[in-house]
Amino acid sequence: MIPKIITGKGSTRRLIAYLFGKGTANEHVDPHLVASWNDFAPDPGRSPHRDPKKVEKQLYTQLDQPVAMLGRRAPQTTVWHCPVRAAPEDPILSDAQWAEIARRVVAAAGIAPTGDTEACRWVAVRHAEDHIHIAATLVRQDGRRPKQDYDIRAVQREARQIEVDYGLRRLNPGDGTAAKRPTSKEHFKAKRLGQDATSREILRRRVRRAIAAASTETEFFALLEASGVAVRPKTEPSGDVTGYSVSLPGDVNKQGEPVWYAGSTLSGDLSLPQVRKRLTVTAPGPVTVPPGSPWNQATAATERILHHLTHSEDGVAQGQLAALGGVLDLLPVTAQTAARAELEQAAMAFERATRSRVAADHSSARALRRSVQMIWNDPVRHGDGAGLAMLVDVALTAVAYAVHWHRTRRHAQQEAAAEHALVHLMTAHAQITEPILARLTARAPGAQTKHRYAYHLQQVVPEHAERILNDRAWDALTTVLAEAEAAGHNVSALLDQAVGQRTLEDARSPARALSWRIRRLGERHVPGPQAQAANARAQRPTSPPLAPEVKGHQR
């Protein structure tokens with residue numbers, strides 16, 4: 001159950017007119033009161049013999065009466081509005097049940113504490129099966145202001161208890177770091193415009209992608225404009241830029257003017273000061289670029305996230321998660337069409353897991369952000385897809401570690417978001433890797449070479465040898481080993497190093513896991529001429545003993 005508190009100025013007239021109207025897309029069905037401060041307030045939806053507009057006026061006049069009595073002494077903010085929505089899978093509640101829920105919400109918020117006859121005036125309007133709207137004024141009937149200490153948190157706590165009491169879908173408690181949800185009005189507008197998401201969600205996605213790809217503030221704004229986003233910097237008289245707003249072409253208000261969203265209203269971590277904190281760690285300057293392709297550098301940096309999530313301070317770990325979110329934001333534009341949709345969903349889900357009450361230390365993620373930006377700027381970044389496959393393989397493990405990290409710190413919403421991202425990332429991983437594994441399988445070496453690799457496998461990792469030999473990806477692994485050996489690597493040493501990186505106990509396909517690890521190791525560390533010659537002499541076959549008979553299908 002989701003309550004959402006909105007406050008405003010002036011009279012409740014426009015709010016009451018909206019609640020008892022047809023809605024922006026005729027979505028309001030049978031609007032009527034289910035509860036009120038005195039249980040006999042005028043109901044425009046249940047007064048068939050009277051003009052509904054006159055009843056509406058009577059209702060908002062009674063609601064506003066305590067405010068009107070104060071005159072100029074009335075507070076600036078006088079309207080309190082709280083939609084309360086059930087989940088789609090929840091049972092349909094009766095009017096009486098919604099009435100009781102409304103009373104519990106206004107009591108928790110301090111609007112109308114139980115038994116307080118001088119509390120604020122309020123009404124609960126139902127115009128759909130799955131939600132109500134509570135409208136109230138923020139002046140008590142005795143002329144005083146209500147005590148609203150932490151009303152948002154109090155209402156959220158009450159909503160969690162209501163879910164238990166009524167057997168509704170139980171949501172995770174929030175921590176105040178979630179991005180602002182689109183309103184019903186925004187959803188209906190997106191539908192009219194033919195958009196697959198609201199403008200707020202589309203803009204949030206594009207801003208996050210621009211942050212991940214940019215090295216400077218100027219580049220950040222340029223990337224936004226290149227993605228079709230209109231940008232309006234907030235400039236002070238001194239000439240300093242202190243904020244920004246963004247808008248989508250075609251998203252206009254009733255006056256035909258663009259609808260602007262400040263970065264901070266898209267999400268707390270998208271305000272200009274927060275963007276600058278991210279960009280500071282990737283600003284141009286002297287930096288040591290390790291050898292190898294950008295894909296290998298990004299994969300190596302992503303692998304280090306696992307260490308940070310298990311050994312580093314929380315601030316560093318949170319900074320690593322923010323950088324991982326940037327990786328996921330950019331992956332869809334580097335992927336083939338088949339996997340793009342799942343990667344998009346993974347990025348959108350993981351976005352919630354990148355924010356918590358822990359202040360992020362972004363400096364430790366410099367290498368990861370730089371390497372991902374190099375992929376973005378590489379004109380041949382797509383390649384054969386192997387680089388993407390290796391990075392997604394490591395990102396999959398990093399997201400699984402993120403689930404555990406949030407769980408141990410009781411970050412319920414972030415844990416759920418990471419789990420959701422994991423599901424989409426697993427699907428994308430299969431879509432990306434299966435064609436590559438099929439090509440590797442088609443190039444598998446001959447039986448004698450595979451027999452020799454099986455011998456090495458039994459020497460290095462005897463406890464997993466049988467599983468690997470019977471794995472569908474065994475032939476693909478032999479191709480990867482053959483390519484590494486041709487480049488001068490020692491097969492036994494590579495296998496030993498790959499196995500030592502992480503346990504194979506939880507690997508669904510140990511041969512596939514080893515394939516990506518060995519591919520990364522082989523491309524990251526190329527042996528010199530002398531090492532290649534020594535490896536070649538060491539790896540001349542001397543008729544190893546026969547491997548045990550392989551059961552099942554090896555492909």
Side-chain angles (χ1 to χ4, degrees), residues 171-179 204-205 208-209 211-212 267-270 274 278 281 298-332 342-369 371-372 388 390-430 432 501-503 505-508 513 516-517:
L171 302 181
N172 292 316
D175 60 3
T177 62
R204 184 185 302 139
R205 198 181 312 164
R208 286 180 58 83
R209 187 167 291 166
I211 294 173
S267 179
D269 60 340
L270 299 185
Q274 293 298 320
R278 293 272 201 90
V281 301
T299 302
T302 304
E303 282 179 327
R304 289 194 286 274
I305 293 177
L306 313 184
H307 172 81
H308 287 298
L309 291 179
T310 52
H311 295 90
S312 296
E313 296 180 353
D314 281 2
V316 171
Q318 185 66 61
Q320 293 287 322
L321 292 180
L324 178 58
V327 173
L328 298 182
D329 287 330
L330 290 182
L331 280 183
E342 290 295 336
L343 288 174
E344 287 271 13
Q345 292 296 320
M348 286 189 289
F350 194 74
E351 177 260 345
R352 181 66 186 95
T354 62
R355 292 187 308 276
S356 73
R357 284 291 180 184
V358 177
D361 176 3
H362 298 292
S363 60
S364 68
R366 183 190 303 268
L368 178 55
R369 284 180 53 80
S371 58
V372 172
L388 174 63
M390 288 189 291
L391 181 53
V392 171
D393 184 68
V394 174
L396 195 62
T397 305
V399 172
Y401 271 58
V403 172
H404 178 74
W405 189 83
H406 282 305
R407 180 181 298 141
T408 57
R409 286 151 183 80
R410 300 184 183 278
H411 299 165
Q413 291 197 2
Q414 291 85 345
E415 177 192 345
E419 287 179 333
H420 189 196
L422 196 60
V423 172
H424 290 291
L425 206 55
M426 289 175 66
T427 303
H429 182 260
I432 293 167
Q501 283 187 332
R502 186 167 177 263
T503 180
E505 293 290 348
D506 57 352
R508 294 187 179 183
W516 300 128
R517 294 182 197 179

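Numbering starts at 1 and runs along the sequence shown. The basis for the numbers below is simple: all heavy atoms, side chains too, and nothing from hydrogens, waters or symmetry mates.
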Requested in this report: Say whether Thr177 and Arg352, considering side chains only, have a donor N or O and an acceptor N or O under 3.5 Å apart.
Outcome: yes
Query raised in the report: If you measure from CG on Leu306 to OG1 on Thr397, what distance do you get to the nearest 0.5 Å?
Result: 6.5 Å
Report summary line: Of all heavy-atom pairs linking Ala317 and Leu309, the shortest is CB-CD2, 3.8 Å
Query raised in the report: What's the shortest heavy-atom distance between Ala301 and Ala367, and which atoms?
Result: CB-C, 4.3 Å
**Report entry** Atom of Ala347, atom of Asp329 and distance for their closest heavy-atom approach
**Finding:** CB-OD1, 3.8 Å
Report task. Quick one: pull up OG in Ser363 and CZ in Arg369 and give me the separation to the nearest 0.5 Å. Result -> 12.0 Å
Query raised in the report: For Glu415 and Val403, which heavy atoms make the closest approach, and how far apart are they?
Result: CG-O, 3.9 Å
Query - Parallel, tilted or perpendicular: ring planes of His311 versus His307, cut at 30 and 60 degrees - result: parallel
Query raised in the report: How many angstroms lie between CG in Leu343 and CE in Met348, if you round to the nearest 0.5 Å?
Result: 11.0 Å
Query raised in the report: How close do Ala402 and Leu321 get, heavy atom to heavy atom, and via which atoms?
Result: CB-CD2, 3.6 Å
Requested in this report: Could you check if a side-chain atom of Arg205 sits within less than 4.5 angstrom of a side-chain atom of Glu344, using non-hydrogen atoms only?
Outcome: yes
Query - Side-chain ion pair, Arg517 and Glu303, N-O less than 4.0 Å - result: no
Query - Spatial distance of atom CZ (Arg208) from atom OG (Ser267) [nearest 0.5 Å] - result: 7.0 Å
Query raised in the report: What do the steps show when you test Met426 against Arg508 for side chain to side chain contact (heavy atoms under 4.5 Å, CB included), and what is the final call?
Result: CA-CA 11 Å; Met426 289 175 66; Arg508 294 187 179 183; 3.2 Å; yes
Query raised in the report: Do NZ/NE/NH1/NH2 and the carboxylate oxygens of Asp269 and Arg355 come within less than 4.0 Å?
Result: yes
Report summary line: His411 meets the ring-ring contact (aromatic ring centres under 6.0 Å, His included) criterion, sequence neighbours left out, with Trp405, His406
Report task. Could you tell me the separation between the CG atom of Leu368 and the CD atom of Gln320, rounded to the nearest 0.5 Å? Result -> 6.5 Å
Report task. Output the distance between atom CD1 (Ile305) and atom OH (Tyr401), rounded to the nearest 0.5 Å. Result -> 12.0 Å
**Report entry** Validation row: Leu270, Ile211 side chains within 4.5 angstrom (heavy atoms)
**Finding:** yes
Report task. Heavy atoms only: give me the nearest Ala421-Val399 pair and the separation to one decimal. Result -> CB-CG1, 4.5 Å
**Report entry** Pairs where residues 305-315 contributes a residue and the test salt bridge (charged side-chain N to carboxylate O under 4.0 Å, His left out) is met, not counting sequence neighbours
**Finding:** Asp314-Arg409
